[in-house]
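Just so you know, these numbers use all the heavy atoms, side chains as well, and skip hydrogens, waters and symmetry mates.
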Amino acid sequence: MSDEQRLWAVRGAIKVRSNDPGAIVEATEELMRELMERNDLTPERMVSCIFTSTHDLNAEFPAVAARNVGLDSVPLLCGQEIDVPGAMPSVIRTLVHYYAPADHEPTHASLGKAQDLRSDLKAAQ
């Protein structure tokens, strides 16, 4: 493994069961834990996380869940996903920026029903 580091970004998505603060936090925590495990991420290596949620998820900020998994010192931003007709509802997405060795291979994560969002990306499953 190389000692040289570079900036990477990894995507993740998860479908939330309901517009309930607990459901939003639970799903987002699951997504963040999975991304962190798959990419051997620690908060010290993370630069920032951007979260989006579909218009029907507004009971809680996904960033609350990120703080629950130890990302207190990582800048977090939440926004609303574009409301495209026919798009899958109740989805939280994230884009995480982090430093890792130059030979690292990012592993994206689309969990549960969110796998249907990018079935063309086998690495995201």
Side-chain angles (χ1 to χ4, degrees):
M1 188 183 306
S2 169
D3 286 342
E4 184 180 332
Q5 299 275 306
R6 66 158 273 202
L7 182 63
W8 296 92
V10 68
R11 290 184 322 274
I14 192 165
K15 186 165 173 49
V16 181
R17 64 180 152 72
S18 65
N19 185 31
D20 170 80
I24 291 170
V25 168
E26 179 184 327
T28 308
E29 284 180 2
E30 179 184 353
L31 177 61
M32 294 308 295
R33 284 191 178 101
E34 185 68 25
L35 282 171
M36 292 171 74
E37 182 179 322
R38 287 185 185 195
N39 292 283
D40 195 28
L41 296 178
T42 60
E44 298 77 28
R45 292 180 42 208
M46 298 170 79
V47 175
S48 64
C49 299
I50 300 169
F51 295 96
T52 64
S53 56
T54 51
H55 73 282
D56 57 326
L57 295 177
N58 61 6
E60 185 59 273
F61 293 104
V64 169
R67 289 186 198 98
N68 289 349
V69 297
L71 305 184
D72 294 329
S73 63
V74 178
L76 308 170
L77 179 68
C78 297
Q80 190 173 49
E81 188 71 26
I82 297 170
D83 190 15
V84 175
M88 183 182 290
S90 303
V91 175
I92 292 175
R93 293 173 175 86
T94 189
L95 180 65
V96 180
H97 301 93
Y98 61 97
Y99 281 99
D103 60 355
H104 169 75
E105 292 187 34
T107 305
H108 308 286
S110 293
L111 305 180
K113 295 202 181 280
Q115 291 179 15
D116 294 342
L117 293 169
R118 292 298 305 264
S119 59
D120 61 315
L121 270 182
K122 199 168 191 88
Q125 309 313 318

On a heavy-atom basis, which atom in [X] and which in [Y] lie closest, and how many Å separate them?
| X | Y | result |
| --- | --- | --- |
| P43 | M36 | CD-CE, 4.3 Å |
| V74 | S48 | CG1-CA, 3.8 Å |
| L57 | S18 | CD2-O, 4.0 Å |
| A9 | H97 | CB-CD2, 3.9 Å |
| V10 | H108 | CG2-ND1, 3.4 Å |
| A27 | I14 | O-CD1, 3.4 Å |

Separation of [Y] [atom2] from [X] [atom1] (nearest 0.5 Å):
| X | Y | atom1 | atom2 | value |
| --- | --- | --- | --- | --- |
| E81 | S53 | CD | OG | 8.5 Å |
| E30 | L111 | CD | CG | 5.5 Å |
| S73 | M46 | OG | CE | 9.5 Å |

Should [X] and [Y] count as side-chain neighbours, where that means a heavy-atom distance under 4.5 Å?
| X | Y | answer |
| --- | --- | --- |
| P89 | K15 | yes |
| M32 | F51 | yes |
| T94 | P62 | no |

Checking [X] side chain against [Y] main chain: does a donor-acceptor pair fall under 3.5 Å?
| X | Y | value |
| --- | --- | --- |
| T54 | V91 | yes |
| N39 | L41 | no |
| R45 | D40 | yes |
| N19 | N58 | yes |
| W8 | P101 | yes |

Quiz item: Looking at I50, L31, T52, which hits side chain to side chain contact (heavy atoms under 4.5 Å, CB included) with R93?
Solution: T52
Cluster link [X] to [Y], ILVMFWY, side chain under 4.5 Å:
| X | Y | value |
| --- | --- | --- |
| I92 | L76 | yes |
| L35 | V69 | yes |
| L71 | I24 | yes |

Quiz item: Partners of R6 by salt bridge (Lys or Arg N to Asp or Glu O under 4.0 Å), sequence neighbours excluded?
Solution: none
Self-check item: Sole candidate of E44, Q5, H104 that passes side chain to side chain donor-acceptor pair (under 3.5 Å) when paired with Y98
Solution: H104
Quiz item: Do NZ/NE/NH1/NH2 and the carboxylate oxygens of R33 and E29 come within less than 4.0 Å?
Solution: yes
Self-check item: Crowding at CD1, I82 (>12 non-hydrogen neighbours, <6.0 Å)
Solution: no
